[in-house]
Amino acid sequence: MPLRQGGCARSLGNNMLRAVPPAEGAPIRLSVAAPSGEISAPRPRLPAVDLARGVAIVAMVVYHTAFDLYAEGLIASDAENGLVWKLFARTVATSFLVLVGIGLVLASRGGIVWPRYWRRVALVAVGAILVSVATWFFDSETFVYFGILHQIAVASVLALPFLVAPWWVVAAAAAVIIAAPWFATSPAFGAPWLLWLGLGPDVRSTLDYVPLLPWFGAVLAGILAGRVVVRYSAVMAKWRLAWPPASWLCLAGRWSLVIYLVHQPLIFGAVHLYATAFPPSVETTRARFVGQCERAVCEAGDKSCAAYCGCVFDGLYGTDLYPPRRPSDLTEDQASRQQAVLNACRAASPQ
């Protein structure tokens, strides 16, 4: 990607005096950087960090678009439960949280400006509350009670001691936190008010779940990475983005919170309107149903299951029995007819 002078980041000017990096691995000094509560001039931004944040934002938009398309039945690829999509979503979430850690280190260069810091935490917390309230009204059964914005708000406070801790303490804490769900999960943490910790054996259905453990470990990993970034910040601050798309990504990275809050309602609304005007094809609906059916009822290596699931779709689609429902939600006649289709497909499927 070409780099040149001028571009996304502000001119350095005399602020270079504030960006002298500490020794490698050294913790950041926490102090009030502005007297009497005054807010000092913003520190120079690093285009590379804004660019990385912009790439993460675009990746998030791609995932949520695929998720909404799948929810509306417009694509067969399962963006909710498919392995590739799950890995993609977790990679995006990890990148955001690592960047949070890097951002905390960059914001504390030469001392934290506390008014600016708390204002940023408050904005993220308000955003998290708005997400919870909006998703509650959308679907109270799957509302977001602790998503990525909740994680960022809490992690931004919990990470403060680690900004001044030796690097090996941060690394050890990150390792323990990331591993915690594998050895510390217990029914004792299954109460609804403790689900945010991530140590309960069961997860309440939700549209977005980024619990404290193990995800806070990604923020701590970002703090370690941030110390490396600060060490070379004087060099990185001179980078400028000459390629227009990269500059746009950089700009998106600077407005990541706003984009996060507004993109999903816009995407969902657009996808829903499209699905209303142009309903999904039978082929896409069938492929989607068969994929869901296979995950729900098939055993590993059961080659007859796909044929069975396809037969069930063909028998139910276009009738009052589609989409399939639990027998308790059907009339006696509907339950009898649905069971007849299932029995016929089971008998017709190759063994």
Side-chain angles (χ1 to χ4, degrees), residues 53 56-57 59-60 63-64 67 79-83 85-104 120-136 138-163 165 169-226 256-257 260-261 264:
R53 195 178 291 114
I57 277 286
M60 177 195 65
Y63 174 73
H64 285 161
F67 186 95
E80 182 177 2
N81 299 302
L83 177 60
W85 282 111
K86 278 188 173 182
L87 291 175
F88 181 72
R90 282 160 174 72
T91 300
V92 173
T94 300
S95 66
F96 265 113
L97 296 176
V98 169
L99 286 165
V100 167
I102 293 174
L104 287 172
R120 178 66 179 178
V121 172
L123 286 173
V124 176
V126 169
I129 293 171
L130 289 175
V131 169
S132 292
V133 172
T135 53
W136 172 270
F138 176 74
D139 183 2
S140 61
E141 296 297 320
T142 60
F143 86 102
V144 177
Y145 54 89
F146 203 84
I148 193 162
L149 288 186
H150 304 72
Q151 168 70 242
I152 292 174
V154 173
S156 296
V157 177
L158 296 181
L160 285 174
F162 294 98
L163 292 174
V169 172
V170 182
V176 171
I177 289 169
I178 291 172
W182 280 269
F183 66 82
T185 297
S186 168
F189 297 103
W193 62 278
L194 291 176
L195 292 178
W196 66 280
L197 291 173
L199 296 177
D202 300 308
V203 177
R204 184 183 184 278
S205 180
T206 178
L207 292 171
D208 185 28
Y209 184 54
V210 188
L212 185 68
L213 307 174
W215 292 100
F216 182 49
V219 177
L220 296 184
I223 288 176
L224 293 174
S256 56
L257 179 60
Y260 182 89
L261 291 175
Q264 183 66 309

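Bear in mind the structure is a predicted one, so any value in this text is a computation, not a measurement. For the single chain, residues carry numbers from 1 onward in sequence order.
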### Query
Do side-chain atoms of T185 reach the backbone of G200 as a donor and acceptor pair under 3.5 angstrom?
no

Which pair of non-hydrogen atoms, one from [X] and one from [Y], has the smallest distance, and what is that distance?
{"X": "I178", "Y": "P214", "result": "O-CB, 3.4 Å"}
{"X": "H150", "Y": "S132", "result": "NE2-OG, 2.8 Å"}
{"X": "S186", "Y": "P201", "result": "O-CD, 3.3 Å"}
{"X": "E141", "Y": "R204", "result": "O-NH1, 3.6 Å"}
{"X": "G226", "Y": "I102", "result": "N-CG1, 3.8 Å"}
{"X": "E80", "Y": "K86", "result": "O-CE, 3.9 Å"}

### Task
Please lay out, stage by stage, how I177 and W215 fare under the test side chain to side chain contact (heavy atoms under 4.5 Å, CB included).
CA-CA 8 Å; I177 289 169; W215 292 100; over 6 Å; no

### Query
Which residues satisfy the side-chain contact (heavy atoms from CB on, under 4.5 Å) test with A153, sequence neighbours excluded?
V124, A125

Quick one: does [X]'s side chain get under 4.5 Å of [Y]'s, heavy atoms only?
{"X": "F146", "Y": "Q151", "value": "yes"}
{"X": "S256", "Y": "M60", "value": "no"}
{"X": "L199", "Y": "L194", "value": "no"}

### Query
Relative to the ring of F67, is the ring of Y63 parallel (under 30°), tilted (30 to 60°) or perpendicular (over 60°)?
tilted

### Query
Mind checking whether F162 and F216 have parallel, tilted or perpendicular rings, split at 30° and 60°?
perpendicular

Rounded distance (nearest 0.5 Å) linking atom [atom1] of [X] with atom [atom2] of [Y]:
{"X": "D139", "Y": "L207", "atom1": "CG", "atom2": "CG", "result": "6.5 Å"}
{"X": "L261", "Y": "L257", "atom1": "CG", "atom2": "CG", "result": "4.5 Å"}
{"X": "I152", "Y": "L123", "atom1": "CD1", "atom2": "CG", "result": "12.5 Å"}
{"X": "Y145", "Y": "D208", "atom1": "OH", "atom2": "CG", "result": "10.0 Å"}

### Derivation and outcome, side chain to side chain contact (heavy atoms under 4.5 Å, CB included), residues L212 and L158
CA-CA 10 Å; L212 185 68; L158 296 181; 3.7 Å; yes

#### Entry: I148 and its side chain to side chain contact (heavy atoms under 4.5 Å, CB included) partner, picked from L97, V131, V92
L97

### Task
Please name the residue in the list V210, V133, T135, L149 that meets the side chain to side chain contact (heavy atoms under 4.5 Å, CB included) test with V144.
T135

#### Entry: Test ring-ring contact (aromatic ring centres under 6.0 Å, His included) applied to F143 and W136, Y209, F138, the passing residue
W136

### Task
Show your reasoning for whether side chain to side chain contact (heavy atoms under 4.5 Å, CB included) applies to S156 and V100.
CA-CA 8 Å; S156 296; V100 167; 4.3 Å; yes

### Message
Holding to ring-ring contact (aromatic ring centres under 6.0 Å, His included), I want the full list of residues that pass it with Y260, two or more places apart in sequence or in another chain.
### Response
H263

